[in-house]
Asker: 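Quick one: the structure is below, questions incoming.
Sequence lines set the chain letters: A, B, ... in the order given, protein chains first and strands last, and positions in each chain run from 1.
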There are 2 protein chains.
Amino acid sequence: MQKTARDSQNFEIKLDAQLCFAIYGAAHAFNRTYKPLLEPLGLTYPQYLVMIALWEEDGQPVKAIGDRLGLDSGTLSPLLKRLEQAGFVARKRDRDDERQVRISLTGKGAELKNEAAGVTEAIGKALGCSLDEAAALRDGLVALKERLLSAS
Amino acid sequence: MQKTARDSQNFEIKLDAQLCFAIYGAAHAFNRTYKPLLEPLGLTYPQYLVMIALWEEDGQPVKAIGDRLGLDSGTLSPLLKRLEQAGFVARKRDRDDERQVRISLTGKGAELKNEAAGVTEAIGKALGCSLDEAAALRDGLVALKERLLSAS
DNA sequence: CGTAATTAGATTGCGCGCAATTGATTTGCG
DNA sequence: CGCAAATCAATTGCGCGCAATCTAATTACG
């Protein structure tokens with residue numbers, strides 16, 4: 001069994017594919033784990049991420065939320081409309097810059113943060129690893145993301 | 001500045017959020033990096049994953065592809081229909097078990113593997129890390145996925 | 001043997017995710 | 001000042017991703 005350049009390229013192809021599958025699968029697994037936990041709250045996973053962003057800082061414009069989550073108005077506009085419909089947020093035009101729409105939490109939306117604490121706890125258990133391990137994985141993913149985005 | 005139970009709970013919510021964001025963001029970054037590379041081939045990212053599965057083993061039934069990628073027929077049926085429309089695969093009922101539909105590569109679909117080698121090379125560069133690092137990340141993701149799925 | 005339970009795939013409905021376009025507002029520059 | 005360029009959100013169109021439902025085929029069991 002001799003090792004050739006072609007072998008190592010095949011190795012790279014397989015690893016690339018495996019990494020694709022791994023990211024893809026892990027993201028879906030995350031999604032599936034959150035879904036039943038978020039359903040009682042009346043939130044989808046992306047909606048939950050938006051709520052977290054608002055719990056951290058209320059009254060952000062759509063653009064700021066989009067930058068934080070990496071989403072554009074094509075995704076956020078209808079999503080925010082549904083959050084408004086559900087009574088979690090209110091949308092109003094910024095008086096100083098009427099291009100912007102600021103998203104603010106309603107009382108109901110702010111209260112939801114307390115219920116969400118249970119979700120966090122359940123996910124923590126499902127992760128089944130220490131905070132250090134989770135942090136290490138997170139750092140690896142963030143670094144990967146940075147490299148991918150800066151390369152393009 | 002006193003440290004209270006509420007503080008530490010907020011800390012956990014944020015860390016949880018960061019891991020969410022990290023997976024979410026990395027998956028999107030992967031998607032965005034692949035998209036312009038796959039467009040010339042006429043494939044979307046999920047279609048590319050299906051093609052990889054078929055290049056590894058031709059003639060699989062829909063169910064087997066779904067198990068490999070974690071997708072159900074609701075996603076695969078229309079996706080495969082588009083791959084068939086594009087001339088990359090053919091679908092035919094298994095003669096021994098007419099419930100199953102086996103997906104086989106056309107000549108055009110098999111040839112596409114050669115063009116896809118360039119995609120792999122570009123991604124390898126975009127990853128910007130050693131094979132060992134990529135493998136470690138892959139293992140961490142696979143382990144995470146396993147824990148999440150087994151917990152639910 | 002025959003009916004019930006299981007399995008495979010397709011279809012429908014809804015919510016992202018993103019490119020492209022549109023419309024309104026603000027900014028910048030001559 | 002005035003017009004062009006830039007910015008922000010909304011909308012449209014298409015392709016997933018998944019739950020729920022449906023049909024057809026196979027298997028299991030009495």
Side-chain angles (χ1 to χ4, degrees), chain A residues 20 23-36 38-39 42-51 60-86 89 91-103 149 152, chain B residues 20 23-36 38-39 42-51 60-86 89 91-103 149 152:
Chain A
C20 289
I23 294 254
Y24 195 71
H28 289 173
F30 237 86
N31 221 314
R32 265 172 237 145
T33 306
Y34 269 101
K35 179 172 277 232
L38 293 176
E39 193 169 324
L43 291 176
T44 65
Y45 183 63
Q47 287 169 8
Y48 173 64
L49 294 182
V50 169
M51 292 302 288
Q60 295 184 66
V62 174
K63 181 64 160 48
I65 299 173
D67 286 344
R68 186 100 166 76
L69 273 52
L71 298 174
D72 65 1
S73 68
T75 299
L76 286 176
S77 286
L79 186 156
L80 291 169
K81 201 174 286 183
R82 281 185 283 271
L83 285 180
E84 183 183 37
Q85 202 78 21
V89 306
R91 318 130 124 304
K92 53 180 178 234
R93 295 248 160 219
D94 186 309
R95 192 158 300 182
D96 293 339
D97 185 343
E98 294 209 347
R99 289 171 305 182
Q100 297 184 22
V101 171
R102 291 194 170 271
I103 309 299
L149 292 184
S152 63
Chain B
C20 291
I23 295 256
Y24 195 71
H28 289 174
F30 238 82
N31 221 314
R32 266 172 236 147
T33 306
Y34 269 99
K35 179 171 277 232
L38 293 176
E39 193 170 322
L43 292 175
T44 65
Y45 183 63
Q47 287 169 6
Y48 174 63
L49 293 181
V50 168
M51 292 302 288
Q60 295 183 64
V62 175
K63 182 65 160 50
I65 298 172
D67 287 345
R68 184 96 167 79
L69 302 179
L71 299 174
D72 65 1
S73 68
T75 299
L76 285 176
S77 286
L79 187 155
L80 290 169
K81 200 173 287 184
R82 281 185 282 271
L83 284 180
E84 184 183 35
Q85 202 77 21
V89 305
R91 318 129 123 306
K92 52 181 179 230
R93 296 245 159 223
D94 187 309
R95 192 158 299 183
D96 293 340
D97 184 345
E98 294 209 347
R99 290 172 304 182
Q100 298 184 21
V101 171
R102 292 194 171 270
I103 309 299
L149 292 184
S152 63

Asker: May I ask you to say what B:Leu71 touches in the nucleic acid, namely base, sugar-phosphate or nothing, with a heavy-atom cut-off under 4.0 Å?
Answerer: sugar-phosphate
Asker: Reading DNA chain D from 5' to 3', where do the contacts with chain B start and stop? Cut-off is 4.0 Å to heavy atoms.
Answerer: D:dG15 to D:dT26
Asker: How many angstroms lie between CG in B:Leu83 and CD in B:Gln85, if you round to the nearest 0.5 Å?
Answerer: 10.5 Å
Asker: For A:Lys81 and B:Gly70, take the nucleotide of DNA chain D holding the closest heavy atom to each; which residue's nucleotide lies nearer the 5' end?
Answerer: A:Lys81
Asker: Below 4.5 Å, heavy atoms only, C-beta onward: do A:Tyr24 and B:Leu71 meet side chain to side chain?
Answerer: yes
Asker: Should B:Arg82 and B:Pro78 count as side-chain neighbours, where that means a heavy-atom distance under 4.5 Å?
Answerer: yes
Asker: Hey, what do you get for NE2 (B:His28) to CD1 (A:Ile23), rounding to the nearest 0.5 Å?
Answerer: 11.5 Å
Asker: Let me know, please, whether B:Asp72 or A:Val62 comes out on the 5' side of the other along DNA chain D by nearest nucleotide.
Answerer: A:Val62
Asker: For B:Arg102, answer base if it contacts any base atom (sugar-phosphate contacts may also be present), sugar-phosphate if it contacts only those atoms, and nothing otherwise; contact means non-hydrogen atoms under 4.0 Å.
Answerer: nothing
Asker: For A:Ser73 and B:Leu76, find the nucleotide of DNA chain C closest to each by heavy atoms; which residue's nucleotide sits nearer the 5' end?
Answerer: B:Leu76
Asker: Hey, does B:Leu79 reach any base, or is it just sugar-phosphate, or nothing, if we go heavy atoms under 4.0 Å?
Answerer: sugar-phosphate
Asker: Determine the contact category for A:Ser77: base if any of its heavy atoms lies under 4.0 Å from a base atom, sugar-phosphate if only primed atoms, P, OP1 or OP2 are that close, otherwise nothing.
Answerer: base
Asker: Verify side-chain contact (heavy atoms from CB on, under 4.5 Å) between B:Met51 and B:Val89, making sure each step is shown before the conclusion.
Answerer: CA-CA 9 Å; B:Met51 292 302 288; B:Val89 305; 4.1 Å; yes
Asker: Whole-Å distance between C:dG9 C1' and B:Ile103 CD1?
Answerer: 10 Å
Asker: Given 3.5 Å as the limit, does a donor-acceptor pair link the side chain of B:Arg93 with the main chain of B:Arg99, or not?
Answerer: yes
Asker: Do A:Ile103 and A:Gln60 come within less than 4.5 Å of each other through their side chains, counting heavy atoms only?
Answerer: no
Asker: Could you check whether B:Thr75 gets within reach of a base, just the sugar-phosphate, or nothing at all, counting any heavy atom under 4.0 Å?
Answerer: base
Asker: Which part of the nucleic acid, if any, lies within reach of B:Gly66 when heavy atoms closer than 4.0 Å are counted: base, sugar-phosphate only, or nothing?
Answerer: nothing
Asker: Side-chain contact, heavy-atom cut-off 4.5 Å: A:Leu76 with A:Val50?
Answerer: yes
Asker: If I take atom CD in residue B:Gln60 and atom P in nucleotide C:dG9, what distance separates them, rounded to the nearest angstrom?
Answerer: 11 Å
Asker: Could you write out each protein N or O paired with an N or O of nucleotides 24-29 of chain C at a distance under 3.5 Å?
Answerer:
residue: C:dT26; atom: OP1; partner: A:Glu98; partner atom: N; Å: 3.0

Asker: Check whether any side-chain heavy atom of A:Pro61 lies under 4.5 Å from a side-chain heavy atom of A:Asp94, and answer yes or no.
Answerer: no
